[in-house]
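Working notes, beginning with the structure itself.
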Amino acid sequence: MTLGQMENKVKELFAVILQRPAEEIQDASAPADLENWDSFQHLVLVSGFEEEFGIEIEPEEIAEMYKDFRTFKSVVMRKLG
């Protein structure tokens, strides 16, 4: 799987969990920009990604990931190597 395909998979899963169209999600999208992305839903996102990709995200990374989609995706991609 190429880097671009992996990034698309991350975006698609993010969109599915938030129940938003993938087209709405941009790198600069922050919780304030996306309906449904609140602190509780953020934890649902993180656990969904951990389960889907078999990764473990540290508490400080979970907090960092709540900044914007770019940061969220960056942490996931780093975990995937």
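Within the 3.5 Å criterion, the main-chain N or O of Glu56 finds a donor-acceptor partner in the side chain of Lys79. Remark: side-chain polar atoms of Gln41 are paired, donor with acceptor, to backbone N or O of Ile17 under 3.5 angstrom. Between the side chain of Glu50 and the main chain of Ile57, a donor-acceptor pair closer than 3.5 Å is present.
Residue Ala15 comes nearest to Pro21 through the heavy atom pair CB-C, 4.3 Å, listed as atom of the first residue, atom of the second, then distance. Here the closest non-hydrogen pair linking Glu35 and Arg20 is O-CD, 3.4 Å. Nearest heavy atoms, Asp68 versus Trp37: C-CH2, 3.7 Å. In terms of heavy-atom proximity, Phe53 sits nearest to Met6 at CE2-SD, 4.1 Å. Considering all non-hydrogen atoms of both residues, Asp33 and Ala28 come closest at OD2-O, 3.7 Å.
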Going through the distances and angles, do Gln5 and Thr2 end up as a side-chain hydrogen bond (donor to acceptor under 3.5 Å, both in side chains)?
CA-CA 5 Å; Gln5 289 171 319; Thr2 68; 3.3 Å; yes
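Atom OG in Ser29 sits 7.5 Å away from atom CZ in Phe14 (nearest 0.5 Å). Distance check: Asp38 CG to Leu43 CG gives 9.0 Å after rounding to the nearest 0.5 Å. Going from atom NZ of Lys73 over to atom CG of Asp27 covers 3.5 Å, rounded to the nearest 0.5 Å. To the nearest 0.5 angstrom, Leu13 atom CG is 13.5 Å from Lys11 atom NZ. To the nearest 0.5 Å, atoms NE2 (His42) and CG (Leu18) are separated by 10.5 Å. Here the straight-line distance linking atom OG1 of Thr71 with atom CD of Glu61 works out to 12.0 Å at 0.5 Å rounding.
Cluster membership for Ile62 and Met77, using ILVMFWY side-chain heavy atoms within less than 4.5 angstrom, is shared. Connection of Tyr66 to Val44 is established within a shared hydrophobic cluster, with ILVMFWY side chains joined at heavy-atom distances below 4.5 Å, either directly or through further cluster members.
More than 12 heavy atoms of other residues, nucleotides or ligands shown are found within 6.0 angstrom of CD on Glu60. Crowding of Gln19 atom CD: a count of heavy atoms from other residues, nucleotides or ligands under 6.0 Å not exceeding 12.
In summary, the aromatic rings of Phe72 and Phe49 are positioned with their centroids under 6.0 Å apart.
Side-chain contact between Leu45 and Met65 is absent, with no heavy-atom pair separated by less than 4.5 Å.
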